[in-house]
Chemist: 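Right, I'll just put the structure down here and ask away after.
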Amino acid sequence: MPRAFITGITGQDGAYLAEFLLDKGYQVWGLARRSSSGGLHLDRLEWLGVLDRINLVEGDLGDLSSLMRIIADVDPDEVYNLAAQSFVATSWQQPHLTANVTGVGVLNVLEALRLLKSEARFYQASSSEMFGLIQHEKQSETTPFYPRSPYAVAKLYGHWITVNYRESFGMHASSGILFNHESPLRGQEFVTRKVTDGVARIKLGLAKELRLGNIEAKRDWGHARDYVRAMWMMLQQETADDYVVATGQTWTVKHMVDIAFKHAGLSVEDHLVIDQALFRPAEVDILLGDPAKAERQLGWTPTITLEEMICEMVDADVARLTQKHR
Ligand code: NDP
Ligand code: GDR
């Protein structure tokens, strides 16, 4: 049985990737960090019904020694580095933490691997946010980067240190430049889930309004289930490389909001409030990915449309809230 180690297993992508790898016959280990309330963040793994089938190991991306202990104990064939402070807006409030975890944390995992298990295959969760102020209309692996937030600057470090370890030490280290991907397991601070949760609350009479910032921003949104498959495909290649993973379509936040309200049978005008406090110090106005290389070399294509995904998310939030308030 191949052995996989996932950092960020308690997050959206980590949970879907764990499910995907278990279905492929992997033994799966995941990094989990202690919190003072005692509980680990296990709700996503429970929601997917995979908690009993994985092994959780305690550690932190900022703690090299814990990563070295885990790599030595687990002896993984594949390592997926998904852990990060991943919310762009928070990165202006906690820039040092974001640099240490989202940036230098990548170096910690790579160092633990280089010193103990350099033949293991490594995946780095890079981001379309690195394109920021876009330099090409459609962003591909050759588009120059222009990060617009402390988060994106940290991700850029993670991307280049991955490339550097591949070139310096011959490690099988790949960087997936993934565009936004969502699901019913998306954190509630991100705009799609904030919208689907907000719409569900209005529908159930639990809220009257939904407050958003810049609804003119455009994103290339896919589904997390499709995107974790691309991560695995990268590590099955003979040679490590970098890949853009995207749908090749871009939509405004406003369009996504319209889908969610329409699905719930509600009027946007009656409930949406634009709040200047939710605008960002520097915005990424538009992202549009070119997934041609992933399609050609990996044979990857997305299967779930934005509309299907947003409707699935609204339905899941209505069901969750109905159960909670029963
Ligand atoms: P989430 O925010 O849902 O999950 C982040 C994970 O990182 C959680 O498991 C969290 O643990 C963990 N984590 C945070 N800080 C630490 C730390 N110091 N030590 C150990 N673990 C830590 O992110 P997603 O699943 O959405 O994204 C996965 C990765 O992909 C991230 O690196 C993100 O930046 C990147 N990415 C995401 C995209 C998207 O659209 N979703 C697009 C492009 C890149 P805990 O549960 O304890 O908080
Ligand atoms: P993003 O995702 O910053 O692209 O990063 P997010 O969903 O937070 O924002 C998308 C766009 O929506 C606009 N927006 C709002 N965003 C939030 N969160 N809340 C609001 O109320 C709101 N109103 C408008 C934002 O300004 C932005 O333009 C995500 C994360 O998953 C990163 O980790 C990942 O790297 C990138 O996607 C690719």
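In listed order, ligands and their atoms are each counted from 1.
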Chemist: What atoms in ligand 1 come closer than 4.0 Å to a heavy atom of His41?
Modeler: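 Answer for ligand 1: 45 (P), 46 (O), 47 (O), 48 (O).
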
Chemist: Among all protein non-hydrogen atoms, which one is nearest to atom 28 (C) of ligand 1, and what is the separation to 0.1 Å?
Modeler: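 Here the nearest protein heavy atom works out to Leu82 O, 3.4 Å.
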
Chemist: Parallel, tilted or perpendicular, judged at 30° and 60°: which one describes the rings of Tyr80 and Tyr123?
Modeler: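 It falls in the tilted class, 30° to 60°.
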
Chemist: Can Ala89 be said to touch ligand 2, with heavy atoms closer than 4.0 Å?
Modeler: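 No, Ala89 has no heavy atoms under 4.0 Å from ligand 2.
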
Chemist: Would a line drawn from the ring center of Phe145 to the ring center of His159 be shorter than 6.0 Å?
Modeler: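 Centroid distance Phe145-His159: below 6.0 Å, so yes.
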
Chemist: For ligand 2, find out whether one of its N or O atoms is nearer than 3.5 Å to an N or O atom of Arg186.
Modeler: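 Such a contact does occur with ligand 2.
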
Chemist: Nearest protein heavy atom to atom 6 (C) of ligand 1, by residue and atom, and its distance?
Modeler: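 Answer, as residue, atom name and distance: Gly8 CA, 3.7 Å.
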
Chemist: May I ask you to check if ligand 2 and Phe87 share an N or O to N or O distance below 3.5 Å?
Modeler: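 No, Phe87 has no N/O under 3.5 Å of an N/O on ligand 2.
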
Chemist: Pull out every atom of ligand 1 sitting under 4.0 Å from any heavy atom of Ala125, numbered as shown with elements.
Modeler: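 Result: 29 (C), 30 (O), 32 (O), 35 (C).
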
Chemist: Any idea which protein heavy atom is nearest atom 38 (C) of ligand 1, and the distance to it?
Modeler: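 Answer for atom 38 (C) of ligand 1: His181 CE1, 3.2 Å.
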
Chemist: Mind telling me whether His255 and Trp251 have parallel, tilted or perpendicular rings, with 30° and 60° as the class edges?
Modeler: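 Parallel: the ring planes of Trp251 and His255 meet at under 30°.
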
Chemist: Please identify which atoms of ligand 2 are closer than 4.0 Å to at least one heavy atom of Ser127.
Modeler: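 Matching atoms, with element in brackets: 34 (C), 35 (O), 36 (C), 38 (C).
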
Chemist: With a distance cut-off below 6.0 Å to the six-membered ring centre and an angular limit of 45° from the axis, does Arg225 pair with Tyr16 as a cation-pi contact?
Modeler: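 Verdict for Tyr16: no cation-pi partner in Arg225.
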
Chemist: For atom 14 (C) of ligand 1, grab the closest protein heavy atom and report residue, atom and distance to one decimal in Å.
Modeler: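 Protein heavy atom with the smallest distance to atom 14 (C) of ligand 1: Ala84 O, 3.2 Å.
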
Chemist: Atom 3 (O) of ligand 1: which protein heavy atom is closest, and how many Å away?
Modeler: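 Answer for atom 3 (O) of ligand 1: Gln12 N, 3.0 Å.
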
Chemist: If you have a sec, work out which protein heavy atom is nearest atom 17 (C) of ligand 1 and how many Å separate them, to one decimal?
Modeler: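 Checked against all protein heavy atoms, atom 17 (C) of ligand 1 sits closest to Asp60 OD1, 3.7 Å.
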
Chemist: Could Arg186 and Phe190 be counted as a cation-pi pair, given that NZ or CZ must be under 6.0 Å from the ring centre and within 45° of the axis?
Modeler: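 The answer is yes, since Arg186 meets both limits relative to Phe190.
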
Chemist: If the threshold is 4.0 Å, N to carboxylate O, is there a salt bridge linking Asp75 and Arg3?
Modeler: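 No, Asp75 and Arg3 are not salt-bridged.
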
Chemist: Taking the side chain as every heavy atom from C-beta outward, state whether Asn214 and Arg280 have any atom pair closer than 4.5 Å.
Modeler: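 The answer is no; the side chains never approach within 4.5 Å.
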
Chemist: Heavy-atom pairs closer than 4.0 Å: do any link ligand 1 to the side chain of Tyr151, the backbone, both, or neither?
Modeler: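 Tyr151 to ligand 1: side-chain contact only, backbone stays beyond 4.0 Å.
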
Chemist: Hey, which atoms in ligand 1 end up nearer than 4.0 Å to a heavy atom of Asn180?
Modeler: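 Ligand 1 atoms under the 4.0 Å threshold to Asn180: 40 (O).
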
Chemist: Give the C-alpha distance, both sets of side-chain angles, the deciding distance and a yes or no for side-chain contact (heavy atoms from CB on, under 4.5 Å) between Leu133 and Val284.
Modeler: CA-CA 6 Å; Leu133 188 65; Val284 173; over 6 Å; no

Chemist: Under 6.0 Å between the ring centres of Trp232 and Phe20?
Modeler: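 Centroid separation for Trp232 and Phe20: below 6.0 Å.
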
Chemist: Would you check the N or O atoms of Thr10, main chain and side chain alike, for any that come under 3.5 Å of an N or O of ligand 1?
Modeler: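 For ligand 1, there is an N or O atom that lies under 3.5 Å from one belonging to Thr10.
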
Chemist: Determine, using the 4.5 Å side-chain heavy-atom cutoff (strictly less than), whether Leu31 and Leu42 are members of one ILVMFWY cluster.
Modeler: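 Per the 4.5 Å side-chain linkage, Leu31 and Leu42 are not co-clustered.
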
Chemist: Under 4.0 Å from any heavy atom of Lys155, which atoms of ligand 1 are there?
Modeler: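 Matching atoms, with element in brackets: 31 (C), 32 (O), 33 (C), 34 (O), 35 (C).
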
Chemist: Indicate, as side chain, backbone, both or neither, the part of Ala217 found under 4.0 angstrom from ligand 2 when only non-hydrogen atoms are considered.
Modeler: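 The part of Ala217 near ligand 2 is the side chain, not the backbone.
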
Chemist: With heavy-atom distances below 4.0 Å as the criterion, list the atoms of ligand 1 near Arg186.
Modeler: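 Counting atoms of ligand 1 from 1, those under 4.0 Å from Arg186 are 26 (O), 39 (C), 40 (O), 41 (N).
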
Chemist: Polar contacts were defined as any N/O atom of the residue lying under 3.5 Å from an N/O atom of the ligand; does this apply to Phe190 and ligand 1?
Modeler: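 No, there is no polar N/O contact under 3.5 Å.
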
Chemist: Would you tell me which option among Glu129, His181, Arg280 has the nearest heavy-atom contact to atom 3 (O) of ligand 2?
Modeler: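 Going through Glu129, His181, Arg280 one by one, Arg280 has the nearest heavy atom to atom 3 (O) of ligand 2.
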
Chemist: Quick one: nearest non-hydrogen protein atom to atom 1 (P) of ligand 1, plus distance?
Modeler: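 Of every protein heavy atom, Ser86 OG, 3.7 Å lies nearest to atom 1 (P) of ligand 1.
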
Chemist: Quick one: does Glu216's side chain get under 4.5 Å of Val253's, heavy atoms only?
Modeler: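 Glu216 does not reach Val253 side chain to side chain.
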
Chemist: Hey, which atoms in ligand 2 end up nearer than 4.0 Å to a heavy atom of Val88?
Modeler: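 With Val88 as reference, the close atoms of ligand 2 come out as 3 (O), 5 (O).
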
Chemist: Give a yes/no verdict on whether any heavy atom in Phe179 is under 4.0 Å from an atom of ligand 1.
Modeler: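 Yes, that is the case, since the closest heavy atom of the residue is under 4.0 Å from the ligand.
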
Chemist: N/O of Gln85 under 3.5 Å from N/O of ligand 1, yes or no?
Modeler: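 No - when backbone and side-chain N and O of Gln85 are compared with those of ligand 1, no distance drops under 3.5 Å.
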
Chemist: Is Tyr151 in contact with ligand 2, taking contact as a heavy-atom separation below 4.0 Å?
Modeler: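 Distance cut 4.0 Å: Tyr151 passes for ligand 2.
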
Chemist: Would you check the N or O atoms of Leu178, main chain and side chain alike, for any that come under 3.5 Å of an N or O of ligand 1?
Modeler: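 Not met; the criterion fails.
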
Chemist: Between Lys293 and Asp241, does any side-chain N to carboxylate O distance fall below 4.0 Å?
Modeler: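 Salt bridge: yes.
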
Chemist: What are the atoms of ligand 1, with element, lying closer than 4.0 Å to any heavy atom of Leu31?
Modeler: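 Once the distances to Leu31 are compared, the set is 20 (C).
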
Chemist: Measure the distance from atom 21 (N) of ligand 1 to every protein heavy atom, then report the residue, atom name and distance (to 0.1 Å) of the closest one.
Modeler: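 Going atom by atom, the protein heavy atom closest to atom 21 (N) of ligand 1 ends up being Ala83 CB, 3.5 Å.
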
Chemist: Polar contacts were defined as any N/O atom of the residue lying under 3.5 Å from an N/O atom of the ligand; does this apply to Gly213 and ligand 2?
Modeler: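 It does: an N or O of Gly213 is found under 3.5 Å from an N or O of ligand 2.
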
Chemist: In ligand 2, which numbered atoms sit nearer than 4.0 Å to a non-hydrogen atom of Glu283?
Modeler: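 Ligand 2 atoms under the 4.0 Å threshold to Glu283: 25 (C), 26 (O), 27 (C), 28 (O).
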
Chemist: Counting heavy atoms only, name the option from Thr90, Val257, Val253, Val191 that's nearest to atom 10 (C) of ligand 2.
Modeler: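 The nearest heavy atom belongs to Val191.
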
Chemist: Do you know which two heavy atoms are closest between Glu238 and Arg121, and how far apart they sit?
Modeler: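 The pair with the smallest heavy-atom distance is O-NH2, 4.4 Å.
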
Chemist: Would you name the heavy atoms of Lys203 and Leu266 that are closest together and state the gap between them?
Modeler: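 Smallest heavy-atom distance, with atoms named: N-CD1, 3.9 Å.
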
Chemist: Within a radius of less than 6.0 Å around CD of Gln323, do more than 12 heavy atoms belonging to other residues, nucleotides or ligands occur?
Modeler: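 Open.
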
Chemist: Could you tell me, atom by atom, which parts of ligand 1 come under 4.0 Å of a heavy atom of Gly11?
Modeler: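 Taking each heavy atom of Gly11 in turn, ligand 1 has 3 (O), 4 (O), 8 (C), 9 (O), 25 (O) under 4.0 Å.
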
Chemist: So does Glu129 pair up with Arg219, basic N to acidic O under 4.0 Å?
Modeler: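 Arg219 and Glu129: salt-bridged.
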
Chemist: What closest approach, in Å, do Trp47 and Pro184 show between heavy atoms, and which atom pair accounts for it?
Modeler: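 Smallest interatomic distance, heavy atoms only, reads CH2-CB, 3.7 Å.
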
Chemist: With heavy-atom distances below 4.0 Å as the criterion, list the atoms of ligand 2 near Ser128.
Modeler: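 Selected atoms, number and element: 38 (C).
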
Chemist: Which bit of Ser126 is near ligand 1, meaning a heavy atom under 4.0 Å away: side chain, backbone, both or neither?
Modeler: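 It is the backbone that touches ligand 1; the side chain stays farther off.
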
Chemist: Considering the options Asp220, Thr301, Asp226, which one meets the side chain to side chain donor-acceptor pair (under 3.5 Å) requirement together with Thr247?
Modeler: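 Looking at Asp220, Thr301, Asp226, the match for Thr247 under the side chain to side chain donor-acceptor pair (under 3.5 Å) is Asp220.
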
